[in-house]
Each structure stands twice: as C-alpha cells, then as structure tokens.
Amino acid sequence: MPFTLATWNINSVRLRAPLVEKLLREEGPDVLCLQECKSPVDKIPLEGFQALGYTHMVARGQKGYNGVAILSKLPIRDVGDKDFAALGHARHVAGQLENGVIIHNFYVPAGGDKPDRAVNEKFGQKLDYLSEMRDWFYAGRPEKSILVGDLNIAPLDDDVWDHKKMLKVVSHTPIEVEALGAAQDAGGFVDVTRRDVPEGKLYSWWSYRARDWDEADKGRRLDHVWATPDISNAAHSSRVLRAARGWEQPSDHAPVFATFDL
DNA sequence: ATGGTAGTACAACTA
C-alpha cells in the first residue's frame, strides 16, 4: 500500500498549528515528520491534527528548543530515540509502521556561525553529532528504513544558491558535507529526493532575513528524505512544497515530500 | 565586516 511522507521544520508547532493543519488538509500526507517543535510533548496541540485523521503521534520535546514529532494517519509504534553527542536535546525519534518500515526523524544541530570547532563549540557539536550518527548506523545496519529531517547541511553544489560563495558558510562547508556523507554511507542510505530530482537547483529553506526570499531565491536544501536500498526503489514523486514558504507567518523551511509504494 | 528576521519568553539565546 503506497504511503506519502512529508518532512517539515515547523519552527514552533504551537505558533504554527494552523499551518500544520493547512498542510494536512490540502496535501494529506499519511505521515508528517516535524522538527523544531519548540514544545514539550504534552503541549503539542493535537486536537486539530486528530480531527483531520492524524490520530497517532511519536514525539520527543523540550521547552523552547528543538523537538521532533511524527504525526501519522497510520498506526505507528515508538521505537525510541538516541541522544547523539550527549547534548541532552530532543533531536531524534524513531517510529515503526505496521508494514515494518522504520522512520527516523532528525533535527541535526545547526552548528553556529563560524565553521571552526576551535572557536565555536556548536560547530564541534554538529560534527560530533554526525560522527555518532555514522557510528550508530554503521553498527546497526538499518533495513526497511527511512531517514528524514532538517539535517542542516546542503551537500550538493545545486543544493545552494551559490556553491563558491557558500564554501565557508556553515551548512555547506566541505567538512560538514563529508561528515553527512559518511553518516549516509554508513547506513547505506539513498538520497531519495535527489534520486528523483537529479538536475537543477533545489532548496527547502530560505532565510527570514532576506528582503524578498522568493525574488532573491538564496535558498539551501537542508531538509532531506533518505531510504535504505531495500525500499529506495519504491520511492517516487519527490517534491518540495515551495508555496508553503509563502504562507502567512511561515516557517523558514518548506515541506519535502516523497511517496513509497510498499 | 556587518546586519538583516523570527521564536521563546521576558534577557538572551538559538537559528
């Protein structure tokens, strides 16, 4: 049975509950993975989601920062979380559907401004987080698994508006791209979005600070959908819902979709 | 080299 999945950094699930409901109503993914919920789990506004048929949720939260949630029309079982790099942050949770597919929902640390761990502790934490992801997936050898989320790295030249200008900007430095690639390879994950959309610029995030985000279009592809090779061929119809970046009081991220025929 | 915007929560941190 095919199911459609979306991932969206919502930047406060409480403030933007109406936008989540708009997405669920208009696009109707079977599963929606959210990041930066910025809410304790018990304060996520579930009523409106449930009324639209999303009666299942697997989530981790904390007050004010981070937070990840998987909303689902399909039954989903909580299969745990891992505190990579021991930050004590709610940045990962995993759920398993009844067809056996495991969904990992990640919010990788942004990493601060300076791409140098000697002067910027946050950058070091980001690299540590990625290397622990690599080690964990290497040890765990995931199967029938989908990994989504705000990975806070745009790995390919066409994942940023200007590759050369971005080489020293956190999210596109070679050391981050390498660390993300190592984590991806350790789990054997296929970048489903780029398998489906191999050519051309593709972004999922545009800064709030641009005067006109749409006109300037200085975006980055920070949000990803990966799958293990045993199910990656079942994926199709990947897309970014760019229009959501233009909704009223938007998140700075747009949702990324993929459909799996499983 | 700097500052531009946004959310949480009410000062200052994070992105």
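Quick note: numbers below take in every heavy atom, side chains included, and nothing from hydrogens, waters or symmetry partners. If you're wondering where the values come from, they're calculated on a predicted model, not measured in any experiment. Below, chains carry the letters A, B, ... as their sequence lines are ordered, and counting in each starts from 1.
We find that A:Asp214 and A:Arg242 are joined by a salt bridge, their nearest charged nitrogen and carboxylate oxygen being less than 4.0 Å apart. The pair A:Lys164-A:Asp157 does not meet the salt-bridge criterion, since no charged nitrogen lies less than 4.0 angstrom from a carboxylate oxygen. Ionic pairing of A:Glu36 and A:Arg91 is not present here: no N-O contact between side-chain nitrogen and carboxylate oxygen is shorter than 4.0 angstrom. We find that A:Arg117 and A:Asp128 are joined by a salt bridge, their nearest charged nitrogen and carboxylate oxygen being less than 4.0 Å apart. The residues A:Asp191 and A:Arg221 are annotated as salt-bridged, a charged nitrogen and a carboxylate oxygen being separated by less than 4.0 angstrom.
You'll find the side chain of A:Val240 stays beyond 4.5 Å of the side chain of A:Tyr203, heavy atoms only.
Screening A:Thr259, A:Asp196, A:Asp261 for a side chain to side chain donor-acceptor pair (under 3.5 Å) involving A:His236 leaves a single residue, A:Asp261. Test A:Met57, A:Arg60, A:Gln96 against A:Asp78 for side-chain contact (heavy atoms from CB on, under 4.5 Å) and you get one pass: A:Arg60.
Phosphate proximity of B:dT8 to A:Lys63: absent, as no side-chain N or O sits under 4.0 Å from OP1 or OP2.
Each of A:Gly112 and A:Gln249 was matched to the nucleotide of DNA chain B holding its nearest heavy atom; the match closer to the 5' end belongs to A:Gln249.
When the P atom of B:dG4 is taken as reference, atom CG of A:Asp212 falls 18 Å away, rounded to whole Å. In this structure, A:Asp252 places its CG atom 14 Å from P of B:dT5, rounding to the nearest Å. The separation between A:Tyr65 atom OH and B:dA9 atom C1' is 9 Å, rounded to whole Å. Atoms CH2 (A:Trp206) and P (B:dG4) sit 24 Å apart, rounded to a whole Å. As a whole-Å value, the separation of A:Asn66 CG from B:dA15 P is 7 Å. One can place CZ of A:Arg245 at 10 Å from C1' of B:dA6, the figure rounded to the nearest angstrom. Across the protein-nucleic acid pair, A:His89 atom NE2 and B:dC13 atom P stand 14 Å apart, rounded to whole Å.
Counting any heavy atom pair closer than 4.0 Å across all strands shown, A:Arg91 reaches sugar-phosphate atoms only and no base atom.
A:Asp81 and A:His92 are not linked by any side-chain donor-acceptor pair at a separation below 3.5 angstrom, with hydrogens and angles left out of the test.
Residues from residues 5-26 of chain A lying near DNA chain B, meaning a heavy-atom separation below 4.0 Å, are A:Asn11, A:Ser12, A:Leu15, A:Arg16 in numerical order. Within residues 155-165 of chain A, no residue is approached by DNA chain B to less than 4.0 Å at the level of any non-hydrogen atom.
Taking the side chain of A:Tyr208 as heavy atoms from C-beta on, and the options B:dT8, B:dA6, B:dA15, the nearest nucleotide is B:dA6.
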